[in-house]
Amino acid sequence: MSAKAPTKTPALTDFRRIVIKVGSSLLVDSAAGRVKESWLASLADDIARLHKGKRDVMVVSSGSIALGRSVLKLPRGVLKLEDSQAAAAVGQIALARTWSEVLGRHDITASQILVTLDDTEERRRYLNARSTIDKLLEWRSVPVINENDTVATSEIRYGDNDRLAARVATMVSADLLVLLSDIDGLYDAPPANNPNARHIPLVPRIGAEIEAMAGDAASDHSRGGMRTKVEAGKIATTAGTHMVIASGHVDHPLKSIESGARATWFLASGNPVTSRKRWIAGSLEPKGTLTIDAGAASALRSGKSLLPAGVIRVDGNFGRGDAVVIRGPDGAEIGRGLVAYDAGDAAKIMRKSSSDILLILGIEGRAEMVHRDDLVLGGA
Ligand code: GLU
């Protein structure tokens with residue numbers, strides 16, 4: 001984006017690469033069992049306007065399960081995992097066709113990308129997915145992205161498209177993520193049961209206070225409540241991507257953001273991390289935890305690597321190169337990093353001087369437990 005930070009209502013055209021996340025309940029009319037055509041057409045108009053203005057646009061679209069259950073006429077209520085996966089297989093075809101049609105009316109070529117958690121968590125697959133999306137954008141296609149619900153088992157699924165969208169946005173270095181939602185932003189209390197709830201228009205930084213506001217509102221279709229949205233905000237803003245949550249319950253929802261409709265803007269951190277660090281910071285599945293002493297914590301904060309001597313506790317069953325959470329002596333998260341030793345070796349060399357590594361492990365390992373190039377302070 002341009003150097004200027006967004007004010008309350010920045011123009012979306014200030015941004016160069018925009019990811020728009022659309023929730024199932026906006027897209028699918030569950031009573032009628034079909035896509036909300038006219039609303040979608042109005043969103044496609046807005047997307048086309050950005051696209052014509054030379055912006056790169058991507059859509060993260062939910063709706064495969066909701067559409068599949070309508071097509072299959074499945075009863076209301078919570079679906080079992082295998083039922084929702086099979087419903088997604090039916091619904092995803094309809095979803096892709098719908099997007100291809102609405103964008104096609106504006107001479108925009110839609111493309112479909114289905115990802116699983118592994119595609120964003122494993123570095124090689126991450127790089128591959130990123131270069132495919134880059135190529136599609138270069139061809140001026142609008143990629144339409146969803147989780148590959150049919151194959152993603154419970155351990156390897158995002159389960160919500162808020163965090164998926166944030167990971168995709170940071171993966172492609174988008175400068176804006178728009179979450180079109182049931183609700184027009186963040187409130188200091190759940191507005192449904194609190195008439196005095198105050199709307200928060202701007203979040204310069206996501207701290208404990210903001211996290212505490214993220215209740216657990218969920219609608220019929222969507223999995224993500226405000227909590228997953230704030231988590232998405234953390235992933236996005238740490239990596240240098242601004243995020244806005246706005247209501248999708250209006251026609252032309254993007255235009256409406258620009259005309260100053262109520263929304264919550266989360267500002268990207270002033271010092272965006274590099275792409276490798278962005279990947280580490282956003283890692284959703286750290287495999288373990290290193291607890292470190294106060295001396296090591298201040299060394300990390302002054303830009304140093306984490307040495308084995310500063311580690312006082314090792315938890316989890318991680319391998320070499322896995323992402324781990326680093327906690328201070330009080331248990332608070334200090335950062336995340338890629339660890340140079342597996343959990344067993346890490347436990348053997350913790351509290352020890354790096355010069356003893358050869359003696360203890362019988363191999364000449366790295367002097368650092370987590371090298372500073374592999375370390376991101378502040379957590380995801
Ligand atoms: N991937 C799911 C679907 O397309 C939606 C997940 C969500 O609603 O966040 O149905």
Side-chain angles (χ1 to χ4, degrees), residues 19-30 33-36 39-40 43 58-74 76-100 102 110-121 129 143-169 177-183 214-236 243 245-249 253 284:
V19 175
I20 298 149
K21 184 258 171 177
V22 185
S24 301
S25 54
L26 298 176
L27 206 67
V28 182
D29 179 340
S30 52
R34 60 174 128 79
V35 170
K36 294 181 185 164
W39 177 80
L40 186 59
L43 172 60
M58 275 150 285
V59 175
V60 171
S61 176
S62 305
S64 69
I65 299 171
L67 271 177
R69 73 187 294 162
S70 310
V71 174
L72 295 161
K73 303 199 170 33
L74 301 179
R76 284 185 76 90
V78 180
L79 291 179
K80 286 200 285 235
L81 182 61
E82 63 266 32
D83 293 346
S84 55
Q85 292 191 294
V90 173
Q92 186 60 38
I93 292 186
L95 189 62
R97 191 192 54 220
T98 303
W99 277 108
S100 166
V102 293
S111 44
Q112 172 179 263
I113 308 211
L114 299 178
V115 292
T116 61
L117 192 58
D118 278 355
D119 298 319
T120 57
E121 299 308 285
V144 178
I145 301 158
N146 195 2
E147 183 159 21
N148 194 347
D149 289 309
T150 44
V151 299
T153 59
S154 51
E155 310 83 68
I156 57 148
R157 78 201 296 262
Y158 278 91
D160 69 87
N161 276 2
D162 295 323
R163 292 178 308 156
L164 173 75
R167 276 303 251 164
V168 165
L177 168 62
V178 180
L179 295 186
L180 292 179
S181 160
D182 275 350
I183 185 164
D216 247 340
S219 76
D220 215 16
H221 288 313
S222 55
R223 289 151 192 284
M226 199 44 79
R227 174 148 307 284
T228 64
K229 293 184 175 40
V230 169
E231 276 171 29
K234 283 207 274 179
I235 295 170
M243 185 176 98
I245 302 177
S247 169
H249 284 306
L284 299 171

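Each ligand, and each atom within it, is numbered from 1 in the order the structure gives. Quick caveat, the model's predicted, so the values are computed rather than measured.
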Worksheet item: Of the backbone atoms (N, CA, C, O) and the side-chain heavy atoms from C-beta on, which set of Asp162 has a member under 4.0 Å from an atom of ligand 1: side chain, backbone, both, or neither?
Response: neither
Discussion item. Please compare Gly91, Ala87, Ser61, Ser62 and report which has the shortest non-hydrogen distance to atom 8 (O) of ligand 1.
Written reply: Ser62
Response to the item:
Hits for side chain to side chain contact (heavy atoms under 4.5 Å, CB included) against Ser70, two or more places apart or cross-chain, chain-then-number order -> Val28
Discussion item. I need the contact type for Asn146 against ligand 1. Using non-hydrogen atoms and a strict under-4.0 Å cut-off, is it side chain, backbone, both or neither?
Written reply: side chain
Worksheet item: Is there a donor-acceptor pair closer than 3.5 Å between any side-chain N or O of Trp99 and the backbone N or O of Ala94?
Response: no
Discussion item. Can you name the atoms of ligand 1, numbered from 1 with element, that are less than 4.0 Å from a heavy atom of Asp149?
Written reply: 1 (N), 2 (C), 3 (C), 4 (O)
Worksheet item: For ligand 1, is there an atom lying under 4.0 Å from some heavy atom of Gly23?
Response: no
Practice prompt. Using a strict cut-off of 4.0 Å, indicate which atoms of ligand 1 neighbour a heavy atom of Ile65.
Written response: 3 (C), 10 (O)
Worksheet item: Of Asp119, Asp118, Thr120, which is the lone residue that meets side chain to side chain donor-acceptor pair (under 3.5 Å) with Thr116?
Response: Asp119
Worksheet item: Glu147 side chain to Tyr158 main-chain N or O, any donor-acceptor pair under 3.5 Å?
Response: yes
Worksheet item: Is the closest basic N to carboxylate O distance between Asp29 and Arg34 below 4.0 Å?
Response: no
Discussion item. Quick check against the 3.5 Å criterion: does Asp160 have a side-chain atom that pairs as donor or acceptor with the backbone of Arg163?
Written reply: yes
Discussion item. If you take the nearest heavy atom of each of Ser64, Ala66, Ala165, which one is closest to atom 3 (C) of ligand 1?
Written reply: Ser64
